[in-house]
Asker: 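Below is a structure I'd like to ask you about.
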Amino acid sequence: MSTDPDTGAVPLAAGYLRDTGAHPPMDYPGYRSTALRHPKRPLHLLPHLLTEVTGPLLGEGRIGETDNDLTRQHEGEPQGQRIIVHGQVRDGDGSPIPRTLIEIWQANAGGRYRHTGDNWPCPLDPNFTGVGRTLTDEQGRYRFTTIRPGAYPWKNHDNAWRPAHIHFSLFGRAFTQRLVTQMYFPGDPLFFQDPMWNSIPDEKARERLLARFDYAATEPEWALAYEWDIVLRGRESTVFESEVDDE
């Protein structure tokens, strides 16, 4: 298989292209664990059976009342700066993508995940789980209320800290159709030393992972707001991750 002459994309397997100009290399020396975790053999396509392409159904009946408001999932208020994160999911032609299941997960205000593998000595917040989900509306729009996550150390290199970020997962019509990415906050001082950020070779592609501070959507005396649109494909597409880049 040869490189696409128009886009420079490299075929990983039949029907699957990798844009090496925008996507980070699978083995990136600055991101230490990719040396062991990146695939070393050619990809093989697995046939999708009826179960994989039709179910389970992702409908509104599976979304709870507080699933998109991470500040109301417990008895008390979580600690930290309350924020609203909203935006639109579009395809490469600019058309909105309705009824897309979006899931998010994130650290608390101190930079700690509610996860057994997180041993960063920052207190857990009993009123913050850090996970949420919602469906886009008919215009492809979504909205979450949450807490601005904190930075945290992760031992990738000397004095390594992850910039504040929120993980996003987007599903198509079945669980086999899933894309994962991260949203960052503008002006973060930790970008210069973050290998996940810096492994993206195209500066404009990196900037597409940045949310925009949205003063118009800020709610007085309640929450700051950020807008982040997600584009699934095309020249303006959001950079998505392989499943191994999940920290």
Side-chain angles (χ1 to χ4, degrees), residues 1-13 15-35 37-39 43 85-97 100 102-106 136 140-142 144 149 151 154 156-157 160-172 177-214 226-247:
M1 289 179 282
S2 59
T3 301
D4 186 301
D6 296 324
T7 65
V10 176
L12 294 176
Y16 291 86
L17 297 176
R18 183 177 185 84
D19 185 350
T20 56
H23 289 84
M26 294 182 182
D27 182 13
Y28 184 70
Y31 183 6
R32 198 170 58 186
S33 63
T34 61
R37 299 164 68 184
H38 78 278
L43 298 183
V85 178
H86 71 103
Q88 186 183 42
V89 180
R90 301 190 296 269
D91 66 15
D93 297 323
S95 299
I97 307 295
T100 292
I102 300 179
E103 295 179 336
I104 64 171
W105 64 98
Q106 63 168 95
T136 58
R141 302 204 64 84
Y142 73 90
F144 290 99
W154 65 304
N156 181 74
H157 55 274
W161 295 79
R162 291 293 336 271
H165 60 278
I166 299 177
H167 298 269
F168 275 67
S169 165
L170 285 78
F171 285 96
Q177 302 168 341
R178 186 189 186 206
L179 295 171
V180 177
T181 186
Q182 299 180 31
M183 185 202 89
Y184 294 88
F185 294 84
D188 197 304
L190 294 171
F191 288 140
F192 79 96
Q193 55 81 69
D194 184 66
M196 292 189 195
W197 173 266
N198 291 306
S199 66
I200 300 171
D202 185 349
E203 182 178 355
K204 291 183 178 179
R206 289 198 296 269
E207 293 175 352
R208 292 198 290 273
L209 299 181
L210 277 177
R212 179 182 69 85
F213 175 62
D214 187 359
Y226 293 87
E227 182 176 22
W228 190 53
D229 294 341
I230 302 169
V231 181
L232 299 184
R233 62 177 67 89
R235 293 186 179 276
E236 300 302 320
S237 66
T238 303
V239 179
F240 293 98
E241 306 168 4
S242 64
E243 291 189 357
V244 298
D245 300 329
D246 57 357
E247 293 188 53

Asker: Who pairs with Leu209 by side chain to side chain contact (heavy atoms under 4.5 Å, CB included), at least two apart in sequence or on another chain?
Answerer: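 Thr181, Tyr184, Trp197, Ile200, Trp228, Thr238, Val239.
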Asker: CG of Leu232 to CZ of Phe240: how many Å apart, nearest 0.5 Å?
Answerer: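 Between Leu232 CG and Phe240 CZ, I get 5.5 Å after rounding to 0.5 Å.
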Asker: What residues form a side-chain hydrogen bond (donor to acceptor under 3.5 Å, both in side chains) with Arg208, not counting sequence neighbours?
Answerer: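 In terms of side-chain hydrogen bond (donor to acceptor under 3.5 Å, both in side chains), with neighbours along the sequence ignored, Arg208 is linked to no residue.
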Asker: Within a strict 4.5 Å, meaning less than it, do heavy atoms of the Trp154 and Arg32 side chains meet?
Answerer: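 Sidechains of Arg32 and Trp154: no contact.
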Asker: Kindly compute the distance separating CD (Gln182) from CG (Leu210), expressed to the nearest 0.5 Å.
Answerer: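 Those atoms lie 12.0 Å apart.
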Asker: To the nearest 0.5 Å, what is the distance between CH2 on Trp105 and CD1 on Ile166?
Answerer: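 CD1 of Ile166 is found 11.5 Å from CH2 of Trp105.
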Asker: If only atom types and distance count, is the side chain of Asp202 paired as donor or acceptor with the main-chain N or O of His23 below 3.5 Å?
Answerer: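 Between the backbone of His23 and the side chain of Asp202 there is no qualifying donor-acceptor contact (under 3.5 Å).
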Asker: Could you tell me the separation between the CD atom of Glu203 and the CZ atom of Arg206, rounded to the nearest 0.5 Å?
Answerer: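 So the gap between those two atoms works out to 5.5 Å.
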Asker: If you look at every heavy atom in Asp229 and Gly87, which pair is closest and at what distance?
Answerer: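 Taking Asp229 first and Gly87 second, the nearest heavy atoms are OD1-CA, 3.5 Å.
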Asker: Counting N and O atoms only, with roles assigned by atom type, does the side chain of Asp188 sit under 3.5 Å from a partner on the main chain of Ala164, one being a donor and the other an acceptor?
Answerer: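 Here the side-chain-to-backbone pair exists.
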Asker: With Asn156, which residues qualify under side-chain hydrogen bond (donor to acceptor under 3.5 Å, both in side chains), at least two apart?
Answerer: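 With sequence neighbours excluded, Asn156 shows a side-chain hydrogen bond (donor to acceptor under 3.5 Å, both in side chains) to no residue whatsoever.
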Asker: Determine whether Val85 and Phe168 make a side-chain contact, defined as any pair of heavy atoms from C-beta on separated by less than 4.5 Å.
Answerer: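 Val85 reaches Phe168 side chain to side chain.
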Asker: Identify the heavy atoms of Pro195 and Gly30 that sit nearest to each other, and give their distance.
Answerer: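 Minimum heavy-atom separation between Pro195 and Gly30: CB-O, 3.3 Å.
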Asker: With sequence neighbours excluded, tell me which residues meet side chain to side chain contact (heavy atoms under 4.5 Å, CB included) with Pro96.
Answerer: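 In terms of side chain to side chain contact (heavy atoms under 4.5 Å, CB included), with neighbours along the sequence ignored, Pro96 is linked to Gln88, Gln139.
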Asker: Decide yes or no for Arg162 and Leu190: does some side-chain heavy atom of the first lie under 4.5 Å from some side-chain heavy atom of the second?
Answerer: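 Counting from C-beta outward, Arg162 and Leu190 never come under 4.5 Å.
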Asker: Checking Ser95 side chain against Asp91 main chain: does a donor-acceptor pair fall under 3.5 Å?
Answerer: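 Looks like no, no N/O pair under 3.5 Å.
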Asker: What closest approach, in Å, do Pro186 and Ala211 show between heavy atoms, and which atom pair accounts for it?
Answerer: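 Between these two residues, the closest heavy atoms are CD-O, 3.4 Å.
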Asker: Can you tell me how the ring of His165 sits relative to the ring of His167, calling it parallel under 30°, perpendicular over 60° and tilted otherwise?
Answerer: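 Ring orientation of His165 relative to His167: perpendicular.
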Asker: Taking all non-hydrogen atoms of both residues into account, name the closest pair between Ser169 and Arg178 and its distance.
Answerer: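 Heavy-atom minimum between the residues: OG-NE, 2.8 Å.
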Asker: Can you list everything that forms a side chain to side chain contact (heavy atoms under 4.5 Å, CB included) with Thr100? Sequence neighbours excluded, please.
Answerer: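 Expected list: Ile97, Ile102, Thr136, Leu170.
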Asker: I need the minimum non-hydrogen distance between Thr34 and Met26, along with the two atoms involved.
Answerer: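 Nearest pair, atom of Thr34 first, then Met26: CB-O, 3.3 Å.
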Asker: So, for Ala35 and Asp27, which heavy atoms are closest and what is the spacing to 0.1 Å?
Answerer: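 For Ala35 and Asp27, the tightest heavy-atom pair comes out as CA-OD1, 3.6 Å.
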Asker: Quick check against the 3.5 Å criterion: does His38 have a side-chain atom that pairs as donor or acceptor with the backbone of Pro25?
Answerer: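 Such a contact is absent between His38 side chain and Pro25 backbone.
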Asker: Apply side chain to side chain contact (heavy atoms under 4.5 Å, CB included) to Arg212 and list each qualifying residue two or more places apart in sequence or on a separate chain.
Answerer: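 Here the qualifying residues are Asp214, Glu227.
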Asker: Using atom types as modelled and distance alone, determine if a side-chain donor or acceptor of Asn198 lies under 3.5 Å from a backbone N or O of Phe192.
Answerer: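 Judged by distance alone, yes, a pair lies under 3.5 Å.
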